[in-house]
Amino acid sequence: MRKPPSELRPSSLAVLPMGDPLAPVVSSAVARLHAWYRAQARDLPWRRTRDPYAIWVSEVMLQQTQVATVVPYYERWLARFPRVGDLAAADEAEVLRHWQGLGYYRRARHLHQAAQVIVAQHGGSLPRDRVALARLPGVGAYTVAAVLSIADGQALAVVDGNVRRVLARLLALELPPDRGAGAAAIQRRADELLWHADPGLHNQALMELGARICVPRAPRCDVCPLANVCVAQGEGAPERYPTRSPRRVVPHRRLVVAVLVSEGRVLLHQRPYEGLLGGLWDLPTVPLPEADGLNAAAQRQALRTYLRQAFGLTARVGPALEPVPHAFTHLRVTLYPYRCAVAAAAGGALSACSEPQGHRTARWIAWAELGAHALPRATQKVLAQLTPPLT
DNA sequence: GACCCGTGGCC
DNA sequence: TGGCCAAGGGT
(Lines give C-alpha, C1' and ligand atoms only; values in the text may rest on other atoms or scores of the structure.)
Protein backbone atom coordinates (compact mmCIF):
# COMPACT_ATOMS: atom_id res chain seq x y z
CA MET A 1 0.00 0.00 0.00
CA ARG A 2 1.47 3.31 -1.01
CA LYS A 3 1.56 6.17 1.44
CA PRO A 4 -1.26 8.65 1.23
CA PRO A 5 -0.59 12.20 2.40
CA SER A 6 -0.63 12.49 6.17
CA GLU A 7 -2.89 15.50 6.24
CA LEU A 8 -6.59 14.90 6.09
CA ARG A 9 -7.66 18.50 5.67
CA PRO A 10 -9.94 18.74 2.63
CA SER A 11 -8.60 22.22 2.03
CA SER A 12 -8.83 21.91 -1.70
CA LEU A 13 -12.33 20.51 -1.72
CA ALA A 14 -14.30 22.39 -4.29
CA VAL A 15 -16.74 24.86 -2.81
CA LEU A 16 -20.32 23.76 -3.15
CA PRO A 17 -22.90 26.17 -4.55
CA MET A 18 -24.38 28.74 -2.17
CA GLY A 19 -27.50 27.41 -0.55
CA ASP A 20 -26.50 23.81 -1.15
CA PRO A 21 -27.92 21.87 1.77
CA LEU A 22 -24.77 19.75 1.94
CA ALA A 23 -22.25 22.56 1.87
CA PRO A 24 -21.81 23.29 5.58
CA VAL A 25 -20.89 19.80 6.73
CA VAL A 26 -19.84 17.99 3.62
CA SER A 27 -16.15 18.80 3.93
CA SER A 28 -15.76 17.07 7.25
CA ALA A 29 -17.85 14.15 6.02
CA VAL A 30 -15.57 13.67 3.02
CA ALA A 31 -12.59 13.85 5.33
CA ARG A 32 -14.14 11.05 7.38
CA LEU A 33 -14.57 9.06 4.17
CA HIS A 34 -10.86 9.38 3.45
CA ALA A 35 -9.93 8.39 6.98
CA TRP A 36 -12.24 5.41 6.78
CA TYR A 37 -10.64 4.33 3.51
CA ARG A 38 -7.12 4.56 4.86
CA ALA A 39 -8.05 2.46 7.84
CA GLN A 40 -10.35 -0.04 6.15
CA ALA A 41 -9.31 -0.37 2.51
CA ARG A 42 -8.98 -3.93 1.33
CA ASP A 43 -5.50 -5.04 0.41
CA LEU A 44 -6.04 -5.68 -3.30
CA PRO A 45 -3.18 -6.56 -5.66
CA TRP A 46 -3.63 -3.50 -7.87
CA ARG A 47 -3.41 -1.27 -4.82
CA ARG A 48 0.18 -2.35 -4.32
CA THR A 49 1.42 -0.65 -7.46
CA ARG A 50 1.39 2.67 -9.24
CA ASP A 51 2.33 1.14 -12.58
CA PRO A 52 -0.15 2.73 -14.99
CA TYR A 53 -0.24 -0.45 -17.08
CA ALA A 54 -1.14 -2.62 -14.10
CA ILE A 55 -3.75 -0.11 -12.92
CA TRP A 56 -5.18 -0.01 -16.43
CA VAL A 57 -5.44 -3.80 -16.64
CA SER A 58 -7.22 -3.92 -13.29
CA GLU A 59 -9.67 -1.19 -14.27
CA VAL A 60 -10.61 -2.93 -17.50
CA MET A 61 -11.05 -6.28 -15.76
CA LEU A 62 -13.18 -4.61 -13.09
CA GLN A 63 -15.62 -3.21 -15.63
CA GLN A 64 -18.97 -4.75 -14.70
CA THR A 65 -17.09 -7.45 -12.84
CA GLN A 66 -16.74 -8.02 -9.12
CA VAL A 67 -13.44 -7.77 -7.27
CA ALA A 68 -13.43 -11.36 -6.09
CA THR A 69 -13.81 -12.59 -9.66
CA VAL A 70 -11.05 -10.36 -11.00
CA VAL A 71 -8.26 -11.08 -8.52
CA PRO A 72 -7.08 -14.45 -9.90
CA TYR A 73 -7.38 -13.26 -13.49
CA TYR A 74 -5.35 -10.16 -12.66
CA GLU A 75 -2.58 -12.18 -11.02
CA ARG A 76 -2.32 -14.58 -13.95
CA TRP A 77 -2.40 -11.72 -16.45
CA LEU A 78 0.38 -9.73 -14.81
CA ALA A 79 2.48 -12.86 -14.42
CA ARG A 80 2.17 -13.63 -18.13
CA PHE A 81 2.07 -10.05 -19.49
CA PRO A 82 4.05 -8.02 -16.94
CA ARG A 83 4.55 -5.03 -19.22
CA VAL A 84 2.73 -3.40 -22.11
CA GLY A 85 5.25 -4.82 -24.56
CA ASP A 86 4.62 -8.38 -23.41
CA LEU A 87 0.92 -7.96 -24.10
CA ALA A 88 1.48 -6.27 -27.44
CA ALA A 89 3.73 -9.10 -28.60
CA ALA A 90 1.39 -11.92 -27.57
CA ASP A 91 -0.90 -13.89 -29.85
CA GLU A 92 -4.53 -12.91 -29.67
CA ALA A 93 -5.45 -16.53 -28.97
CA GLU A 94 -3.30 -16.53 -25.85
CA VAL A 95 -4.74 -13.20 -24.75
CA LEU A 96 -8.26 -14.58 -25.09
CA ARG A 97 -7.32 -17.69 -23.17
CA HIS A 98 -6.19 -15.56 -20.25
CA TRP A 99 -9.57 -13.85 -20.36
CA GLN A 100 -11.61 -17.03 -20.73
CA GLY A 101 -14.48 -16.98 -18.22
CA LEU A 102 -14.27 -13.28 -17.40
CA GLY A 103 -16.91 -12.28 -19.95
CA TYR A 104 -17.23 -9.27 -22.23
CA TYR A 105 -14.47 -10.67 -24.40
CA ARG A 106 -14.14 -7.55 -26.47
CA ARG A 107 -12.39 -6.05 -23.43
CA ALA A 108 -9.53 -8.49 -23.93
CA ARG A 109 -9.14 -7.79 -27.62
CA HIS A 110 -9.30 -4.04 -27.01
CA LEU A 111 -6.64 -4.33 -24.32
CA HIS A 112 -4.47 -6.27 -26.73
CA GLN A 113 -5.01 -3.80 -29.58
CA ALA A 114 -4.44 -0.82 -27.28
CA ALA A 115 -1.16 -2.33 -26.07
CA GLN A 116 0.02 -2.51 -29.67
CA VAL A 117 -0.92 1.13 -30.23
CA ILE A 118 0.95 2.12 -27.06
CA VAL A 119 4.08 0.35 -28.26
CA ALA A 120 3.82 1.75 -31.78
CA GLN A 121 2.81 5.31 -30.99
CA HIS A 122 3.58 6.07 -27.34
CA GLY A 123 6.97 4.48 -26.78
CA GLY A 124 5.56 1.62 -24.74
CA SER A 125 4.14 3.80 -21.97
CA LEU A 126 0.51 4.66 -21.34
CA PRO A 127 -0.20 8.22 -22.42
CA ARG A 128 -0.68 10.55 -19.45
CA ASP A 129 -2.79 12.82 -21.60
CA ARG A 130 -6.45 12.09 -21.10
CA VAL A 131 -7.42 12.78 -24.69
CA ALA A 132 -4.75 10.46 -26.02
CA LEU A 133 -5.63 7.83 -23.44
CA ALA A 134 -9.33 8.01 -24.31
CA ARG A 135 -8.48 7.35 -27.95
CA LEU A 136 -7.29 3.85 -27.12
CA PRO A 137 -9.83 1.11 -27.84
CA GLY A 138 -11.83 0.10 -24.79
CA VAL A 139 -10.85 3.17 -22.78
CA GLY A 140 -13.81 5.38 -21.88
CA ALA A 141 -14.47 8.17 -19.44
CA TYR A 142 -14.38 5.97 -16.37
CA THR A 143 -11.12 4.24 -17.23
CA VAL A 144 -9.41 7.52 -18.12
CA ALA A 145 -10.36 9.06 -14.77
CA ALA A 146 -9.47 5.94 -12.81
CA VAL A 147 -6.06 5.32 -14.38
CA LEU A 148 -4.91 8.93 -14.41
CA SER A 149 -6.11 9.74 -10.90
CA ILE A 150 -4.78 6.58 -9.29
CA ALA A 151 -1.53 6.16 -11.20
CA ASP A 152 -0.72 9.81 -11.88
CA GLY A 153 -2.65 11.86 -9.34
CA GLN A 154 -4.60 13.81 -11.93
CA ALA A 155 -7.72 15.62 -10.73
CA LEU A 156 -10.39 13.58 -12.50
CA ALA A 157 -13.49 12.33 -10.71
CA VAL A 158 -14.54 8.78 -11.49
CA VAL A 159 -18.19 7.89 -11.93
CA ASP A 160 -18.96 4.20 -11.81
CA GLY A 161 -21.87 2.16 -10.49
CA ASN A 162 -20.70 2.60 -6.91
CA VAL A 163 -20.32 6.36 -7.20
CA ARG A 164 -23.71 6.63 -8.84
CA ARG A 165 -25.36 4.73 -6.00
CA VAL A 166 -23.51 6.60 -3.23
CA LEU A 167 -24.23 10.03 -4.66
CA ALA A 168 -27.82 9.19 -5.61
CA ARG A 169 -28.43 8.34 -1.96
CA LEU A 170 -26.41 11.24 -0.63
CA LEU A 171 -28.58 13.62 -2.65
CA ALA A 172 -31.80 11.58 -2.65
CA LEU A 173 -31.74 11.97 -6.41
CA GLU A 174 -35.08 11.10 -7.93
CA LEU A 175 -33.78 10.79 -11.48
CA PRO A 176 -32.17 7.50 -12.56
CA PRO A 177 -28.44 8.25 -12.18
CA ASP A 178 -27.30 6.08 -15.08
CA ARG A 179 -28.49 8.24 -17.95
CA GLY A 180 -29.62 11.62 -19.15
CA ALA A 181 -30.11 14.43 -16.67
CA GLY A 182 -29.53 12.12 -13.71
CA ALA A 183 -26.13 11.08 -15.04
CA ALA A 184 -25.20 14.69 -15.64
CA ALA A 185 -26.18 15.62 -12.08
CA ILE A 186 -24.05 12.79 -10.69
CA GLN A 187 -21.03 13.81 -12.75
CA ARG A 188 -21.32 17.42 -11.60
CA ARG A 189 -21.53 16.38 -7.94
CA ALA A 190 -18.63 13.99 -8.31
CA ASP A 191 -16.55 16.82 -9.76
CA GLU A 192 -17.54 19.11 -6.88
CA LEU A 193 -16.67 16.55 -4.24
CA LEU A 194 -13.29 15.53 -5.67
CA TRP A 195 -10.43 15.93 -3.21
CA HIS A 196 -7.66 17.54 -5.19
CA ALA A 197 -4.96 16.73 -2.65
CA ASP A 198 -5.23 13.04 -3.57
CA PRO A 199 -7.75 12.34 -6.32
CA GLY A 200 -6.77 8.69 -6.56
CA LEU A 201 -7.41 8.04 -2.89
CA HIS A 202 -10.65 9.98 -3.02
CA ASN A 203 -11.96 8.10 -6.03
CA GLN A 204 -11.09 4.73 -4.58
CA ALA A 205 -12.59 5.67 -1.24
CA LEU A 206 -15.91 6.55 -2.85
CA MET A 207 -15.95 3.28 -4.82
CA GLU A 208 -14.88 1.26 -1.78
CA LEU A 209 -17.70 2.82 0.21
CA GLY A 210 -20.18 1.78 -2.45
CA ALA A 211 -18.77 -1.73 -2.58
CA ARG A 212 -18.74 -2.37 1.16
CA ILE A 213 -20.99 0.06 3.05
CA CYS A 214 -23.38 1.77 0.67
CA VAL A 215 -24.29 -1.55 -0.93
CA PRO A 216 -27.42 -2.04 -3.07
CA ARG A 217 -29.41 -3.92 -0.43
CA ALA A 218 -29.25 -3.34 3.31
CA PRO A 219 -26.66 -0.56 3.30
CA ARG A 220 -24.74 -0.26 6.56
CA CYS A 221 -25.61 3.32 7.35
CA ASP A 222 -24.75 2.74 11.01
CA VAL A 223 -21.05 2.65 10.13
CA CYS A 224 -21.09 4.98 7.12
CA PRO A 225 -18.79 7.99 7.38
CA LEU A 226 -21.18 10.00 5.21
CA ALA A 227 -24.37 9.10 7.08
CA ASN A 228 -24.82 12.49 8.70
CA VAL A 229 -24.90 14.27 5.33
CA CYS A 230 -26.86 11.61 3.47
CA VAL A 231 -30.34 12.78 2.55
CA ALA A 232 -31.60 9.27 1.78
CA GLN A 233 -30.40 8.04 5.16
CA GLY A 234 -32.12 11.01 6.78
CA GLU A 235 -35.33 9.99 5.07
CA GLY A 236 -34.92 6.53 6.53
CA ALA A 237 -35.14 4.87 3.12
CA PRO A 238 -31.67 4.61 1.59
CA GLU A 239 -32.68 1.58 -0.46
CA ARG A 240 -35.17 3.69 -2.38
CA TYR A 241 -32.17 5.10 -4.26
CA PRO A 242 -30.89 4.93 -6.87
CA THR A 243 -34.17 4.95 -8.75
CA ARG A 244 -34.17 2.64 -11.74
CA SER A 245 -35.23 3.16 -15.29
CA PRO A 246 -37.76 0.57 -16.50
CA ARG A 247 -35.99 -2.50 -17.73
CA ARG A 248 -36.89 -4.33 -20.88
CA VAL A 249 -37.94 -7.94 -21.13
CA VAL A 250 -35.16 -10.46 -21.68
CA PRO A 251 -35.90 -12.79 -24.59
CA HIS A 252 -35.41 -16.52 -24.27
CA ARG A 253 -33.80 -18.41 -27.14
CA ARG A 254 -33.49 -22.14 -27.68
CA LEU A 255 -30.43 -23.40 -29.52
CA VAL A 256 -29.55 -26.85 -30.80
CA VAL A 257 -25.89 -27.76 -30.42
CA ALA A 258 -23.90 -30.37 -32.30
CA VAL A 259 -21.30 -32.29 -30.35
CA LEU A 260 -19.80 -33.73 -33.49
CA VAL A 261 -17.10 -36.26 -32.74
CA SER A 262 -14.87 -37.97 -35.26
CA GLU A 263 -11.71 -39.97 -34.60
CA GLY A 264 -11.49 -38.66 -31.06
CA ARG A 265 -11.83 -35.04 -32.05
CA VAL A 266 -14.68 -32.57 -31.73
CA LEU A 267 -15.67 -29.94 -34.29
CA LEU A 268 -15.31 -26.31 -33.12
CA HIS A 269 -15.47 -23.02 -34.99
CA GLN A 270 -14.33 -19.56 -34.03
CA ARG A 271 -17.24 -17.18 -33.58
CA PRO A 272 -17.23 -13.92 -35.54
CA TYR A 273 -15.53 -11.04 -33.73
CA GLU A 274 -18.65 -8.92 -33.94
CA GLY A 275 -21.45 -9.90 -31.65
CA LEU A 276 -21.98 -12.32 -28.83
CA LEU A 277 -18.92 -14.17 -27.50
CA GLY A 278 -16.83 -12.68 -30.30
CA GLY A 279 -13.62 -14.54 -31.09
CA LEU A 280 -14.35 -17.49 -28.83
CA TRP A 281 -14.40 -21.09 -30.07
CA ASP A 282 -17.74 -22.81 -29.99
CA LEU A 283 -19.69 -25.89 -30.98
CA PRO A 284 -21.85 -25.65 -34.10
CA THR A 285 -25.11 -24.10 -32.94
CA VAL A 286 -28.38 -23.40 -34.71
CA PRO A 287 -31.32 -21.39 -33.35
CA LEU A 288 -34.73 -23.01 -33.26
CA PRO A 289 -37.97 -21.26 -34.18
CA GLU A 290 -40.04 -20.55 -31.07
CA ALA A 291 -42.67 -23.10 -32.03
CA ASP A 292 -40.16 -25.93 -32.41
CA GLY A 293 -38.31 -25.29 -29.16
CA LEU A 294 -39.35 -28.47 -27.42
CA ASN A 295 -39.80 -30.69 -30.44
CA ALA A 296 -36.97 -33.21 -30.44
CA ALA A 297 -37.53 -34.30 -34.03
CA ALA A 298 -37.43 -30.69 -35.18
CA GLN A 299 -34.22 -30.15 -33.24
CA ARG A 300 -32.52 -33.11 -34.89
CA GLN A 301 -33.68 -32.08 -38.33
CA ALA A 302 -32.53 -28.48 -37.80
CA LEU A 303 -29.12 -29.77 -36.77
CA ARG A 304 -28.71 -32.03 -39.81
CA THR A 305 -29.71 -29.24 -42.18
CA TYR A 306 -27.39 -26.75 -40.54
CA LEU A 307 -24.38 -29.06 -40.51
CA ARG A 308 -24.84 -29.81 -44.18
CA GLN A 309 -25.29 -26.18 -45.21
CA ALA A 310 -22.69 -24.53 -43.00
CA PHE A 311 -20.05 -27.24 -42.81
CA GLY A 312 -20.73 -29.51 -45.77
CA LEU A 313 -21.18 -32.49 -43.49
CA THR A 314 -23.81 -35.17 -43.56
CA ALA A 315 -24.25 -36.01 -39.92
CA ARG A 316 -25.95 -38.75 -37.97
CA VAL A 317 -27.60 -37.15 -34.95
CA GLY A 318 -27.27 -39.37 -31.92
CA PRO A 319 -28.54 -39.22 -28.35
CA ALA A 320 -29.48 -35.96 -26.65
CA LEU A 321 -27.28 -34.71 -23.85
CA GLU A 322 -28.57 -32.77 -20.85
CA PRO A 323 -29.97 -29.32 -21.80
CA VAL A 324 -27.85 -26.42 -20.55
CA PRO A 325 -29.58 -23.23 -19.42
CA HIS A 326 -27.51 -20.06 -19.51
CA ALA A 327 -28.35 -16.46 -18.66
CA PHE A 328 -26.69 -13.48 -20.30
CA THR A 329 -27.39 -9.91 -19.27
CA HIS A 330 -29.77 -9.27 -22.13
CA LEU A 331 -30.60 -12.80 -23.20
CA ARG A 332 -31.58 -16.16 -21.78
CA VAL A 333 -30.69 -19.27 -23.74
CA THR A 334 -31.16 -22.99 -23.39
CA LEU A 335 -28.77 -25.24 -25.25
CA TYR A 336 -30.03 -28.61 -26.47
CA PRO A 337 -26.88 -30.61 -27.24
CA TYR A 338 -26.80 -33.80 -29.31
CA ARG A 339 -24.05 -36.28 -29.86
CA CYS A 340 -23.40 -36.44 -33.59
CA ALA A 341 -21.23 -38.47 -35.93
CA VAL A 342 -20.08 -37.86 -39.48
CA ALA A 343 -21.94 -39.98 -41.99
CA ALA A 344 -20.37 -38.41 -45.06
CA ALA A 345 -18.48 -35.30 -46.02
CA ALA A 346 -17.85 -33.79 -49.40
CA GLY A 347 -14.11 -34.01 -49.97
CA GLY A 348 -13.54 -35.58 -46.57
CA ALA A 349 -14.52 -34.44 -43.13
CA LEU A 350 -11.56 -32.16 -42.55
CA SER A 351 -11.42 -30.28 -45.81
CA ALA A 352 -15.16 -29.79 -45.76
CA CYS A 353 -14.85 -27.49 -42.77
CA SER A 354 -12.87 -24.67 -44.24
CA GLU A 355 -14.42 -21.23 -44.11
CA PRO A 356 -18.08 -21.95 -43.44
CA GLN A 357 -20.24 -18.93 -44.05
CA GLY A 358 -19.87 -16.31 -41.32
CA HIS A 359 -17.12 -18.24 -39.56
CA ARG A 360 -13.46 -17.43 -39.61
CA THR A 361 -12.37 -20.99 -39.14
CA ALA A 362 -13.54 -24.43 -38.15
CA ARG A 363 -11.29 -27.11 -36.70
CA TRP A 364 -11.35 -30.65 -35.41
CA ILE A 365 -9.99 -30.40 -31.89
CA ALA A 366 -8.61 -33.29 -29.87
CA TRP A 367 -9.70 -33.42 -26.23
CA ALA A 368 -6.20 -32.56 -25.07
CA GLU A 369 -6.18 -29.45 -27.29
CA LEU A 370 -9.38 -27.95 -25.90
CA GLY A 371 -7.38 -26.06 -23.30
CA ALA A 372 -5.64 -24.11 -26.05
CA HIS A 373 -8.95 -22.55 -27.12
CA ALA A 374 -11.05 -19.97 -25.30
CA LEU A 375 -14.57 -21.33 -24.93
CA PRO A 376 -17.82 -19.80 -23.64
CA ARG A 377 -18.98 -21.01 -20.23
CA ALA A 378 -22.15 -22.58 -21.59
CA THR A 379 -20.11 -24.56 -24.11
CA GLN A 380 -17.83 -25.74 -21.34
CA LYS A 381 -20.91 -27.03 -19.54
CA VAL A 382 -21.88 -29.03 -22.64
CA LEU A 383 -18.42 -30.49 -23.13
CA ALA A 384 -18.21 -31.38 -19.45
CA GLN A 385 -20.91 -33.98 -20.13
CA LEU A 386 -18.55 -35.94 -22.37
CA THR A 387 -16.20 -38.61 -21.13
CA PRO A 388 -12.77 -38.54 -22.72
CA PRO A 389 -11.24 -40.12 -24.68
CA LEU A 390 -13.79 -39.18 -27.29
CA THR A 391 -15.06 -41.96 -29.48
C1' DG B 1 -30.39 7.50 -26.35
C1' DA B 2 -31.17 2.73 -26.96
C1' DC B 3 -29.12 -1.37 -27.43
C1' DC B 4 -25.49 -4.73 -27.37
C1' DC B 5 -21.92 -7.25 -24.79
C1' DG B 6 -20.63 -12.45 -20.05
C1' DT B 7 -20.32 -14.23 -15.85
C1' DG B 8 -21.00 -15.32 -10.97
C1' DG B 9 -23.10 -14.26 -6.61
C1' DC B 10 -26.86 -12.70 -3.99
C1' DC B 11 -31.51 -13.42 -1.77
C1' DT C 1 -36.22 -19.27 -8.79
C1' DG C 2 -35.39 -15.46 -11.47
C1' DG C 3 -34.34 -10.74 -11.17
C1' DC C 4 -30.74 -7.76 -9.85
C1' DC C 5 -26.18 -6.26 -9.49
C1' DA C 6 -21.10 -5.56 -10.39
C1' DA C 7 -14.51 -0.39 -10.47
C1' DG C 8 -18.28 0.35 -18.52
C1' DG C 9 -17.44 0.91 -23.57
C1' DG C 10 -18.87 0.78 -28.39
C1' DT C 11 -22.16 1.65 -31.85
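In what follows, every chain begins at residue 1, and chains take the letters A, B, ... in the order their sequences are listed.
If you take NE2 of His110(A) and C1' of dC4(B), they are 13 Å apart, rounded to a whole angstrom. Summarising the geometry, the separation between CG on Leu167(A) and C1' on dA7(C) is reported as 14 Å, rounded to the nearest angstrom. Atom CG in Leu277(A) sits roughly 9 Å away from atom P in dC5(B) (whole-Å rounding). Atom pair Gln63(A):CD and dA7(C):P shows a separation of 12 Å (rounding to whole Å applied). With rounding to whole Å, Tyr74(A) atom OH is found 23 Å from dA6(C) atom P. Taking atom CZ on Arg247(A) and atom C1' on dC5(C), their separation rounds to 11 Å, with Å as the unit. Rounded to an integer number of Å, the gap from CZ of Arg106(A) to C1' of dC5(B) is 6 Å. The CD-C1' distance, from Gln64(A) to dA6(C), rounds to 6 Å in whole Å.
Using a 4.0 Å heavy-atom criterion, one finds that Leu331(A) contacts no nucleic acid atom at all. Among the protein residues, Trp56(A) comes within range of no part of the nucleic acid, since none of its heavy atoms lies under 4.0 Å from any strand. Among the protein residues, Thr143(A) comes within range of the sugar-phosphate backbone only, with heavy atoms under 4.0 Å from sugar or phosphate atoms but none that close to a base. Within the nucleic acid shown, Val139(A) comes within 4.0 Å of sugar-phosphate atoms alone, with no base atom in reach, counting heavy atoms only. Here Arg165(A) lies in heavy-atom contact (under 4.0 Å) with sugar-phosphate atoms only.
dA7(C) and dC10(B) have their P atoms separated by 14 Å, with the value rounded to a whole Å. On the P atoms, dT11(C) is 14 Å away from dG6(B), given to the nearest whole Å. The same atom, P, is picked in dC3(B) and in dC4(C); the two are 16 Å apart, to the nearest Å.
Along DNA chain C, the nucleotide closest to Ser58(A) and the one closest to Leu136(A) are compared, and the more 5′ of them pairs with Ser58(A). Across the interface with DNA chain B, nearest-nucleotide mapping of Gly103(A) and Arg248(A) shows Arg248(A) to be the residue nearer the 5′ end. Positionally, the nearest nucleotide of DNA chain B for Gly180(A) lies more toward the 5' end than for the other of Ala378(A) and Gly180(A). Taking the nucleotide of DNA chain C with the nearest heavy atom to each of Gly138(A) and Pro216(A), the more 5' of the two is matched to Pro216(A).
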Exercise. Between Trp281(A) and His373(A), is a ring-ring contact (aromatic ring centres under 6.0 Å, His included) present by the stated rule, with each step listed?
Worked result: CA-CA 6 Å; Trp281(A) 290 80; His373(A) 297 74; 5.0 Å; yes
For this session: Would you check, one step at a time, whether the test ring-ring contact (aromatic ring centres under 6.0 Å, His included) holds for Phe81(A) with His98(A)?
Result: CA-CA 10 Å; Phe81(A) 314 115; His98(A) 280 77; 5.1 Å; yes
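Counting only distance, with no hydrogens or angles, the side chain of Arg97(A) and the backbone of Ala374(A) share no donor-acceptor pair below 3.5 Å. Looking at Trp99(A), its side chain does come within 3.5 Å of a backbone N or O of Gly103(A) through a donor-acceptor pair.
The cationic group of Arg107(A) does not satisfy the cation-pi geometry with Tyr104(A), failing either the under 6.0 Å distance to the six-membered ring centre or the 45° limit from the ring axis.
OP1 or OP2 of dG8(C) has not a single side-chain nitrogen or oxygen of Arg107(A) nearer than 4.0 Å.
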Would you be so kind as to tabulate the donor-acceptor pairs closer than 3.5 Å made by side chains of residues 323-335 of chain A, with sequence neighbours excluded?
residue	atom	partner	partner atom	Å
His326(A)	ND1	Lys381(A)	NZ	3.2
Arg332(A)	NH2	His252(A)	ND1	3.2
Thr334(A)	OG1	His252(A)	NE2	2.8

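In this structure, the nucleotide among dC3(B), dA6(C), dG6(B) sitting nearest to the side chain of Tyr105(A) is dG6(B). Proximity note for His330(A) (side chain, C-beta onward) versus dG6(B), dA7(C), dC4(B): the nearest is dC4(B). The side chain of Tyr104(A) has dG6(B) as its nearest neighbour among dC3(B), dG6(B), dA2(B).
Checked for salt-bridge contact, Asp86(A) and Arg83(A) meet the test: a charged N lies under 4.0 Å from a carboxylate O. Between Glu274(A) and Arg106(A), none of the side-chain N atoms (NZ, or NE/NH1/NH2) sits under 4.0 Å from a carboxylate O, so this pair counts as no salt bridge.
Not a single donor-acceptor pair, N or O on each side, falls under 3.5 Å between the base of dG8(C) and the side chain of Tyr142(A). Contact of Thr65(A) with dG8(C) (side chain to base): no donor-acceptor pair of N or O atoms is detected under 3.5 Å. One donor-acceptor pair, N or O on each side, does fall under 3.5 Å between the base of dG6(B) and the side chain of Thr329(A).
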Check: protein-nucleotides 8-11 of chain B nitrogen or oxygen pairs below 3.5 Å:
residue	atom	partner	partner atom	Å
dG8(B)	OP1	Arg377(A)	NE	2.3
dG8(B)	OP1	Arg377(A)	NH2	3.1

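For Arg32(A), the CZ atom is densely surrounded, since the number of other residues' heavy atoms within 6.0 Å is greater than 12.
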